[in-house]
Every structure is written in structure tokens, then in C-alpha cells.
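The structure appears right after this line, and notes come after that.
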2 protein chains.
Amino acid sequence: MNASRTARERVRAELIREITDIARRHLATEGATGLSLRAVAREMGMVSSAIYRYFPSRDDLLTALIIDGYNALGEAVEHADAACARDDFTGRWLAVCRAVRAWALAHPHEYALLYGSPVPGYAAPQDTVAPAVRDTAVYGRIVADAHHAGRLTPPPICPSPPAILAQDAEVVRSLMPDVPDDVVARAIVAWTGLFGMVSFELFGQFNNTITHRAELFEHNMACLARLLGLPE
Amino acid sequence: MNASRTARERVRAELIREITDIARRHLATEGATGLSLRAVAREMGMVSSAIYRYFPSRDDLLTALIIDGYNALGEAVEHADAACARDDFTGRWLAVCRAVRAWALAHPHEYALLYGSPVPGYAAPQDTVAPAVRDTAVYGRIVADAHHAGRLTPPPICPSPPAILAQDAEVVRSLMPDVPDDVVARAIVAWTGLFGMVSFELFGQFNNTITHRAELFEHNMACLARLLGLPE
DNA sequence: GCTAATAGAGAGCGGTGCTCTTGACGAAGG
DNA sequence: CCTTCGTCAAGAGCACCGCTCTCTATTAGC
């Protein structure tokens, strides 16, 4: 009875898995707007209406892919960080940067889904927020570790953040505990700088201009590391 | 004969203008994927097939909107820069940053079209590249002006760029003449940082985290100014 | 074994981009 | 002046989309 129930559940889970797999493949080749429930159903030998037994709408399928994407990126970032010596904070930051860029280049459409223009009419449900910060959590840990090890020497060039940002810093501190406001602010600069760089490359802003993208990326991330206060 | 020909051309130009106006309004409310030729035609009291006399495909209409968007953003940036004292280089940089952010917040869907995920299957034709660098050209002038005025003091924290980037720097130098490679590299860091920040805010990455976005933006752009070497 | 839940199939609605054909109109040339 | 030719709006139609509804067959649980 329990076994039989799980039997049905199992085939259902298997079908859901197959749907998302096919959908992810379609996403990778055609992009988000080219993802169609009917095409997925066709490839599964199903009639289109049957898909709705498993995903009540196209947006729900998209949500599943988004969550998968955040988790895949987060996992890649976690692995990259884990492969570094714990006290090599600059190395950990650079490893995270490279992991983000590599994953984005390998999965451009998924990256666009996560960090590109939001799909109109689509509101990210609450289930996405936890996977969405997996990569940021790794980054926050690096910043916090470096700070607590006394290896984060703020460059003298940055102004100190206005007092009003203290509230927001408090929220961000859940990812990088016990770090002062100015470090939080610089951490945001570096983090947005990383994704600005990756997005520019991936979304075509470097076309006809930058050819040595890996080298430029490496150099720019080193610059941001210095701005963040990481040692050389 | 010439007058009559221009008469026909005139009504044609007027219709094209009306189509793009309506399309831009639809784009602003529904976003790029919600832009439909049929809806535009409906609003014009035309039958959908008639639109194809003026825009051979949906992508061509999109291209027109993209060019308009680049020009609108470029114009906003040019005006913001022009309103500053020529030798207030930091002020000019900050004015450009604020102009980009303000325009993006006012036209989120157009910004997404320009700097968000590329529309799948859409390749930007060559006509878009000139308008696309209007804002960057303004930025390049600021950097070059500051450098030649001797007001660009490179912070000691940045590594110098690898020699291989010299080729790409040569291309970038068409926008900021006679500027050394290391300045070019830092200029790219700041520029991608600006758009990374705007994109994060606009694409929802700051949801549930950052509330004082204008203040954070201001502070971060000041940080990037210092990284760039601009005076306080 | 019977009942109730579940899954798939099919038809259908309104929408999309795009193509092709048809008929009307206006401008240019004999 | 009249004809010819290019332009344009219109309509029908194709293949696709998301999504809903109904009907039937299967299956699980009592």
C-alpha cells in the first residue's frame, strides 16, 4: 500500500524529471521564449494537455528551471570555493568569479534566465529565493572570513557609506556576519561588478570590441579584489 | 513630381512613425515578448498583414525600437554631461551614472531590451552599433578629458593589465583617445560596474535586500570613481 | 469487487508571426 | 486622356502557442 503509493509517486516524479530535462535542453538551445509546453509534450510522445497534469502552467515549468539553474550555479561556485585553501581569500574570490563566468558561458540561456531581463508577467515565487542566494552566500563567507582574519585592508580611496545604508547592511550581514558597513558596501560593488562584467560579455556588449575576454575578466576581477580590500 | 513623390513618402514615414510610437507604448507596458504586430495593427485600425508593408518582420520593428532606445539613452547621457562644468570630471561621471539609472528606471523594458538578455534568434544588425555607443562615447570623453587634464590619478591598488590587452585597448581608445592601457582597463571596470549595479536593481536582484537603492547607487558610483582615479 | 482518484486523449478557444492572393487607388508615361 | 504600373489595405489561411474542458481508461484503496 505504501509501496504501491510510492510506486505511483515514483513514476510521477520520474515524469516530472523527464519533462524538466527536456525543457532544460530546449531552453539551452532555443532560449526562454522558445520554450514551449507543446514541444516538450511532443518530444515525450504525450499530448500537450497531459503536461498540465504535472506543471499547471508554463511559468511553473520556468520556475522549476530557474530553481535548478540557481542550484547548479550555486553548486559550481561552492565547489570552486571549496577547492581553495581557506586562508587564500583572494584565490577564493577569483575562483568564485571564474566559476560564475564559466557556468554562464556554458549555460548562457540559463544565466539569462537568472540574471537577465525578467520574464514579463512572471513573478518569482518564494521558493526561488533560497537557491538564488547560494552563490552569494559563498561570496559572503569569503568576505567575512577575510575580514575576521584581518586580511581585509580597506583601500583608502573609498568614501564611507552614508548612515542610512546601515539598515540594508544589517540584512546583507546575514550572509557575511559581523562585518562593518563599509565592507558591506564595497562587497556589493565588487559583486555587482562581477555580474556586470559577465552580463556585458554574455549579452553581446563586448562584440566588435573586446576579444581577449578571459584576460580582461581576470584583470578586472583582480582590480575589484583590491577595491574590496583583499590582499594581492 | 518630386513633390508628389515626397507626399507619398511623407505619409509612409508618418505611418512608420505611428507604428513605432504605438509599439513603444506596448513595449513599455507589456515588455518585449508582449509586443505583437497584430495588437499594434489593431490599435491602428489596420489589418495585421498591412503592417508588413512597413516592417517586414517583428524583428525589424524591434530593431527600430532598439535604435530609438539607444538614442534616447544616449541623448539623456549627453544632456547630463553637458550640464556639468567641463573640468568637474567626477561630477560629470556621477551625472552620467545618474542619467543611466534614471533613464533605466523610467524605461525598464527598453533598458532590458538594450542591456538585458538578448532576444533569442535576434541578431542586432549593423545599424544599431552607432547609436549603441552614444552613451559610452560620452563616458570615454570624460575619462580622456580627465586624463589629459592630469586629474586622473590611478590608485596604487590596481595591478597593471597584461600586455595582451593592448590590442583591445587600441579599439577602446577610439572612444577615449590617447589614454594608456591601464586607464582603459579601469574604465571598463567602472563602466561594467555601473551597468551591473543598474541591472541588479532593475532585474530584481536587490528585492528583499536593498531598500535605499538611490543612496547605495550613489555611494557605489563614488567608489568606482575613486577606483577609476577621479578626484574626490 | 466496488468506488473514487488519477492520467491521458481529444477537441476547442483565442491568440501569435507570417504568407499569399485579390482588388482598389494614385502616380507616371505614351 | 487614358493606360500601365507600383503601392497599399484587406482577407483567408498555415502552423504554432498557452490553456481549458470533457470524456475515457486505468489504477489505488476500502
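Chain identifiers are assigned alphabetically (A, B, ...) following the order of the sequence lines, protein sequences preceding nucleic acid strands; residue numbering begins at 1 within each chain.
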Below 30° counts as parallel, above 60° as perpendicular, anything between as tilted: where do the rings of B:Tyr111 and B:Phe195 land? parallel

Pairwise salt bridge (charged side-chain N to carboxylate O under 4.0 Å, His left out) hits with a residue in [range], at least two apart:
range: residues 166-176 of chain A; answer: A:Glu170-A:Arg173, A:Arg173-A:Asp181
range: residues 67-82 of chain A; answer: A:Arg24-A:Asp68, A:Glu78-A:Arg134, A:Asp81-A:Arg86, A:Asp81-A:Arg92
range: residues 197-223 of chain A; answer: A:Arg98-A:Glu218, A:Arg101-A:Glu201

For residues 137-144 of chain B, tabulate all N or O donor-acceptor pairs below 3.5 Å that involve a side-chain atom, not counting sequence neighbours.
{"from": "B:Tyr139", "atom 1": "OH", "to": "B:Ala187", "atom 2": "O", "distance (Å)": "2.7"}

Contacts of B:His107 that satisfy ring pair (Phe, Tyr, Trp, His ring centres under 6.0 Å) - sequence neighbours left out: B:Trp103

Rounded to the nearest angstrom, tell me the gap between atom [atom1] in [X] and atom [atom2] in [N].
X: A:Glu30; N: D:dC16; atom1: CD; atom2: P; answer: 13 Å
X: B:Tyr52; N: C:dT16; atom1: OH; atom2: P; answer: 10 Å
X: A:Met44; N: C:dA9; atom1: CE; atom2: P; answer: 10 Å
X: A:Leu37; N: D:dC16; atom1: CG; atom2: P; answer: 16 Å
X: B:Arg53; N: C:dG17; atom1: CZ; atom2: C1'; answer: 17 Å
X: B:Ile51; N: C:dT19; atom1: CD1; atom2: P; answer: 15 Å

Checking B:Asp60 now: which residues fulfil side chain to side chain donor-acceptor pair (under 3.5 Å) with it, not counting sequence neighbours? B:Ser57

Just to verify, what does B:Ser48 make a side chain to side chain donor-acceptor pair (under 3.5 Å) with, not counting sequence neighbours? none

Is there a side-chain polar atom (N or O) of B:Arg42 under 4.0 Å from OP1 or OP2 of C:dT16? yes

Classify [X] by what it touches in the nucleic acid, base, sugar-phosphate, or nothing, heavy-atom distance under 4.0 Å.
X: B:Tyr54; answer: sugar-phosphate
X: B:Leu35; answer: sugar-phosphate
X: A:Arg58; answer: sugar-phosphate

Nearest heavy-atom contact between B:Pro118 and A:Phe203 is CD-CD2, 3.5 Å

Checking A:Arg25 now: which residues fulfil salt bridge (charged side-chain N to carboxylate O under 4.0 Å, His left out) with it, not counting sequence neighbours? A:Glu43

Degree of bending, the helix from C:dG1-D:dC30 to C:dG30-D:dC1 (end axes from five pairs; round to 10°): 10°

Any donor-acceptor pair under 3.5 Å linking the side chain of A:Ser199 with the backbone of A:Gly196? no

Quick one, B:Phe200 with B:Asn207, criterion side-chain contact (heavy atoms from CB on, under 4.5 Å). Give me CA distance, side-chain angles, the key distance, then yes/no. CA-CA 9 Å; B:Phe200 255 45; B:Asn207 288 354; over 6 Å; no

Reported CD1-to-CG distance for the pair A:Ile51 and A:Leu61, which is rounded to 0.5 angstrom: 8.0 Å

Considering only heavy atoms, which members of residues 61-69 of chain B lie under 4.0 Å from some atom of DNA chain C? none

Near DNA chain C, under 4.0 Å by heavy atom, which residues of residues 12-29 of chain A? A:Arg12, A:Leu15

Could you list the protein-to-nucleotides 10-14 of chain C atom pairs, N/O on both sides, closer than 3.5 Å?
{"from": "C:dG10", "atom 1": "N7", "to": "A:Ser49", "atom 2": "OG", "distance (Å)": "3.4"}
{"from": "C:dG10", "atom 1": "O6", "to": "A:Ser49", "atom 2": "OG", "distance (Å)": "2.7"}

Working for side chain to side chain donor-acceptor pair (under 3.5 Å), residues B:Ser117 and A:Ser117: CA-CA 6 Å; B:Ser117 346; A:Ser117 346; 3.2 Å; yes

